[in-house]
Amino acid sequence: MSTDALYTPDEIEQRARDYWDGERCFEVDEDPGKDKFYCLTMFPYPSGQLHMGHVRVFTISDVIARYQRMQGKHVLQPMGWDAFGMPAENAAIKRGVPPAEWTYKNIDYMRGQLKRLGYGYDWSREVTTCRPEYYRWEQWLFVRLFKKGLVYRKNSVVNWDPVDQTVLANEQVIDGRGWRSDALVERREIPQWFMKITAYADELLDQLDSMDGWPDSVKTMQRNWIGRSEGVELSFDVDGEEEPLTVFTTRPDTLLGVTYMAVAAEHPIAQKAAAKNAEIATFVEECKTMQAAEAALETMEKKGKPLGVFATHPISGEKVPLWVANFVLMSYGTGAVMAVPGHDERDWEFATKHGLPITQVIAAGDGSEVDVNAAAFTERGTLVNSGEFDGMTSAEAFDAIAKRFEADGRGRRTVNYRLRDWGVSRQRYWGTPIPIIYCDDCGAVPVPEADLPVVLPEDVKVTGVGSPLRDMPEFVDVDCPQCGKAARRETDTFDTFVESSWYFSRYASPDSDNAMLDERESYWMPVDQYTGGIEHAILHLLYARFFQKVMRDEGLSAADEPFTNLLTQGMVLKDGAKMSKAKGNTVDPQELIERYGADTVRLFMMSTAPPELALEWSDDGVQGAYRFLKRFWHAVQTHREAGVTAALQISSLDDDQKELRRKTHQTIAKVSDDTGRRYKFNTAIAAVMELLNAINRFDDRSEAGRAVVQESLESCVLLLAPIVPHICHELWQQLGHESAAVDERWPQVDEAALAQDLIEIVVQVNGKLRGRISVASDAGKDAIAELALADENVQRFVADKTIRKTIVVPGRLVNVVV
RNA sequence: GCCCGGGUGGCGGAAUUGGUAGACGCUACGGACUUAAAAUCCGUUGACCGAAAGGUCGUGCCGGUUCGAUUCCGGCUCCGGGCACCA
């Protein structure tokens with residue numbers, strides 16, 4: 001074989017890229033006459049270089065985009081940068097480089113990597129969130145929401161590092177200590193800004209029911225996260241307190257089983273008791289060293305102390321002891337809970353540990369024995385030991401008790417959500433400045449629209465202690481926009497989830513400098529296909545849905561939901577663990593691209609596992625992908641070297657030619673379904689590999705034989721074009737086409753080519769495989785059964801036994817039950 | 001702890017609606033080509049029994065439904081993701 005027929009990915013991929021760039025293939029306008037398809041990937045944080053997880057998700061999305069383009073859709077696939085975040089500050093602390101400089105340098109490098117991988121992005125729409133042109137609009141929206149009452153300020157808990165005098169992210173707390181200082185982390189309450197996502201809780205919940213394009217697992221997680229529960233809010237009088245203690249319960253039917261109550265360490269009742277009692281004071285102090293993360297809270301040892309204070313049970317009138325407990329949080333609900341140890345697991349454990357009484361007030365609905373001293377009985381049932389409510393079902397008692405409280409004015413039915421309002425303040429430098437000015441006279445005043453954006457100074461020194469913004473008088477010292485008096489600018493920045501909650505819309509009008517979104521938004525939104533990591537199933541995807549509704553209600557969009565279809569991909573693992581620098585098990589995509597080319601990397605990623613599953617990295621698997629591309633390349637070269645191919649004459653094919661043609665069209669059908677509907681690219685690739693194996697085995701150099709091979713090879717090229725676009729671009733031309741593969745339509749199945757005279761059917765006896773028979777594809781059930789029984793091996797198992805039943809599944813199997 | 005996933009050969013995985021378990025690829029082994037190596041090509045490859053035909057077992061564990069279960073149901077177990085300041 002001549003040298004120029006060798007597979008040389010470097011040159012081939014360069015030529016394909018030059019063509020796409022030269023023709024501006026992936027730049028799209030808003031053409032109302034065309035059927036749009038908006039294909040989006042969760043944009044990356046510019047950490048420095050692409051990792052395998054990026055390569056995987058971007059390739060999945062690019063395959064879908066290119067497939068949709070071959071379906072004739074007007075496809076938008078944009079790319080941008082989620083550019084604010086902690087790593088830039090950490091790099092700055094470590095190397096003294098300003099975060100902005102570090103970030104922009106990373107973006108430039110990673111953009112080059114993305115281009116080398118051949119993704120079909122419309123780079124003219126690139127969005128970078130750390131640019132004032134971008135973040136000014138979220139400042140603008142924040143001010144609008146402030147005026148609308150959807151934004152408010154309240155105290156909330158952070159992890160405080162007493163040595164570095166700084167707020168730590170949960171990630172920076174390791175075993176309860178600061179990651180840099182190693183100091184014991186404290187809970188500290190500071191005033192922070194919140195967005196009222198709870199105002200949209202019901203809509204966020206209800207709409208999930210009609211989101212057919214989302215995986216059930218993600219919808220279930222979001223439902224549970226929102227956690228809507230109907231219950232009753234009721235109050236207990238407390239000895240020596242003016243104000244009654246209010247609690248929420250979803251199980252008012254268990255009310256007579258309350259044997260104690262628990263309040264948070266920060267609760268005024270606990271504080272008062274601590275002032276009088278050293279032991280309680282010590283315990284309350286101890287509660288401060290807890291972490292803010294819920295996982296830490298839920299897994300820690302449940303501790304408490306009796307306060308020596310009693311509440312009066314609102315129905316029985318009995319005295320109920322109050323405890324202070326480390327698992328009750330002041331910031332959630334009312335900071336107090338009623339405890340029913342007989343019918344709640346956590347209360348049961350706490351009561352057992354501290355010798356508190358356990359009372360049964362619910363009996364099993366089916367009358368079976370219940371022993372609440374052995375374990376909490378958490379099911380609903382029939383009330384016992386509950387005075388006038390005895391004999392009611394849990395549901396009846398719920399109503400009766402709720403009514404009683406409503407009549408007394410001591411409580412009310414209410415709906416409670418697990419979902420909490422979104423705290424958007426971060427005590428960090430590298431983020432969007434929160435557009436608020438604090439005035440001694442006017443309070444918190446939003447920055448007027450005309451003064452936006454509040455630009456983040458980029459020329460700073462980050463030390464890791466305190467906030468750089470706070471030390472910059474030119475940033476902090478401003479006049480109050482309302483009264484003109486000297487005032488102070490807010491130095492906190494937004495949670496970076498704010499930027500990622502609306503970037504998908506900004507891609508439609510990335511250059512709009514007089515509006516957050518313009519009329520182009522209505523052409524592209526909602527996103528047709530959104531692809532990203534399953535780790536974003538709740539937070540990012542819920543915040544983005546919330547923002548979409550907020551933008552809709554501000555008249556910026558007509559869409560209720562931002563993402564019609566969602567695909568969540570698994571992680572890339574090596575040796576069973578997530579690839580990460582910390583574990584030292586990363587594989588640099590750049591090295592592989594340089595060695596094998598982008599197509600090999602893309603092919604390996606798509607062929608080794610379906611998108612949703614975790615993908616186990618394998619160097620040998622990459623080799624296998626490379627080998628396949630070489631075989632593919634050589635198959636086309638071998639075919640070409642035999643000269644020009646004549647037109648295919650379908651009517652005059654022999655059996656072998658028909659068989660290859662059948663395999664070709666079976667493959668088209670399979671790959672179309674796998675790529676277009678199932679998103680199982682691994683089995684799509686396996687099917688094309690099978691077809692190529694069949695082509696290589698097919699040794700018919702006749703004119704008709706070569707025509708069949710031509711059709712098969714062309715099918716392979718088009719079916720693989722979304723996955724390995726560079727090699728397919730080249731091979732398409734080599735197969736004699738003037739047009740570019742990127743502009744071709746997806747191949748169509750010729751149903752006639754699929755027809756088969758004889759099919760194989762499996763014969764089982766008592767569910768065990770005993771033989772195979774060949775039957776006419778249109779044979780009736782009786783004929784199939786007769787043939788099955790005639791099989792020699794089947795006879796061995798049936799011969800001397802009575803046939804009780806014969807099950808015939810046409811086209812599949814026969815099962816003889818003896 | 002709570003919520004959501006997952007567990008199939010030596011490995012990644014396939015089996016789409018309850019119907020042939022192991023497609024396709026990798027590894028390993030054997031062979032061809034080569035002075036040699038690389039590359040490439042051909043063959044074998046779940047375990048066990050058997051010369052073969054063929055048989056027995058087998059999809060994390062225990063149990064159930066069914067003519068038939070990797071698939072459905074109940075109970076466990078291990079691994080992963082999320083848990084509101086990693087992105």
Side-chain angles (χ1 to χ4, degrees), chain A residues 42 44-45 47 82 84-87 158-159 167-173 192 215-225 227 292-300 302 327 345-346 418-423 425-428 495-497 500 533-540 542-543 568 570-571 573 576-578 604 607-610 612-625 627-628 630-631 634 670 673-674 677-678 680 682-683 685-690 693 696 760-769 772 793 796 804-807 809 812-818:
Chain A
M42 292 179 187
Y45 177 79
S47 55
D82 189 13
F84 278 134
M86 286 203 308
V158 293
N159 299 306
V167 173
L168 297 179
N170 286 332
E171 186 191 54
Q172 298 172 313
V173 180
Q192 308 204 63
D216 288 337
S217 58
V218 174
K219 287 189 283 189
T220 306
M221 278 191 262
Q222 292 212 349
R223 273 187 201 105
N224 293 338
W225 185 261
E294 186 185 300
L297 214 65
E298 290 284 334
T299 48
M300 74 186 177
K302 310 279 184 290
F327 55 86
E345 272 170 38
R346 192 178 67 182
R418 211 186 75 92
L419 179 71
R420 308 196 299 267
D421 278 335
W422 178 12
S425 295
R426 294 294 178 271
Q427 297 69 45
R428 293 189 213 299
D495 176 3
T496 56
F497 274 127
S500 57
I534 184 67
E535 66 272 19
H536 294 294
I538 296 174
L539 293 179
H540 161 60
L542 197 62
Y543 292 144
T568 53
M571 292 177 308
L573 311 176
K578 183 178 179 172
F604 169 72
S607 67
T608 198
E612 290 90 343
L613 252 59
L615 181 154
E616 183 71 31
W617 184 262
S618 150
D619 291 332
D620 290 330
V622 180
Q623 278 281 353
R627 265 204 292 272
F628 170 75
K630 281 198 280 188
R631 278 204 300 276
H634 286 135
K670 164 91 177 141
D673 190 44
D674 282 353
R677 180 182 66 89
R678 298 210 305 152
K680 299 274 187 204
N682 55 330
T683 53
I685 292 164
V688 178
M689 284 178 170
E690 279 191 62
N693 289 343
N696 285 336
E760 191 188 74
I761 283 199
V762 161
V763 186
Q764 298 179 333
V765 178
N766 284 352
K768 291 201 169 158
L769 178 64
R772 292 160 202 277
N793 203 45
R796 284 176 48 202
R804 285 177 42 211
K805 205 180 198 182
T806 305
I807 292 137
V809 184
R812 284 209 181 265
L813 58 67
V814 177
N815 188 13
V816 184
V817 186
V818 297

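Chain letters run A, B, ... following the sequence lines, proteins first, then strands; residues in each count from 1. All figures in this text were calculated on a predicted structure; none of them were measured in a lab.
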Checking B:G80, B:A87, B:C86 against the side chain of A:Asp82 (C-beta onward), the nearest is B:A87
note: A:His634, atom NE2; B:U40, atom C1'; distance rounded to Å ~ 9 Å
Against the side chain of A:Asn224, the closest entry in B:C4, B:A84, B:U56 is B:C4
Worksheet item: Are A:Asn793 and B:G55 close enough that a side-chain N or O sits under 4.0 Å from OP1 or OP2?
Response: yes
- Task: Between B:G54 and B:G63, how far apart are the C1' atoms? Round to whole Å, please.
- Result: 33 Å
The side chain to side chain contact (heavy atoms under 4.5 Å, CB included) partners of A:Ser607 (sequence neighbours excluded) come to A:Ile685
Per-nt protein contacts along nucleotides 12-31 of chain B (heavy atom under 4.0 Å; B base, S backbone sugar-phosphate only, - none) come out as SSSSB--BB--BSSSS----
Each nucleotide of nucleotides 71-78 of chain B classed B (base within 4.0 Å of a protein heavy atom), S (only sugar-phosphate) or -, in 5' to 3' order, makes --------
Under 4.0 angstrom between A:Thr496 side-chain N/O and B:A87 OP1 or OP2:
yes
Students often get this wrong, so: under 4.0 angstrom with heavy atoms, is A:Trp225 touching a base, only sugar-phosphate, or nothing?
base
The nucleotide from B:A87, B:U56, B:C4 with an atom nearest the side chain of A:Lys768 is B:U56
* Asked: How would you label the contact of A:Val167 with the nucleic acid (heavy atoms, under 4.0 Å): base, sugar-phosphate, or nothing?
  -> base
If pairing means Watson-Crick or G-U wobble with both distances under 3.5 Å, then the partner of B:A52 is none
### Query
When you compare B:U17 with B:A53, how far apart are their C1' atoms, in angstrom units rounded to a whole number?
37 Å
- Item | C1' atoms of B:C57 and B:G22, separation to the nearest Å | 15 Å
Scanning all shown strands, the Watson-Crick or wobble mate of B:G74 with both distances under 3.5 Å is B:C62
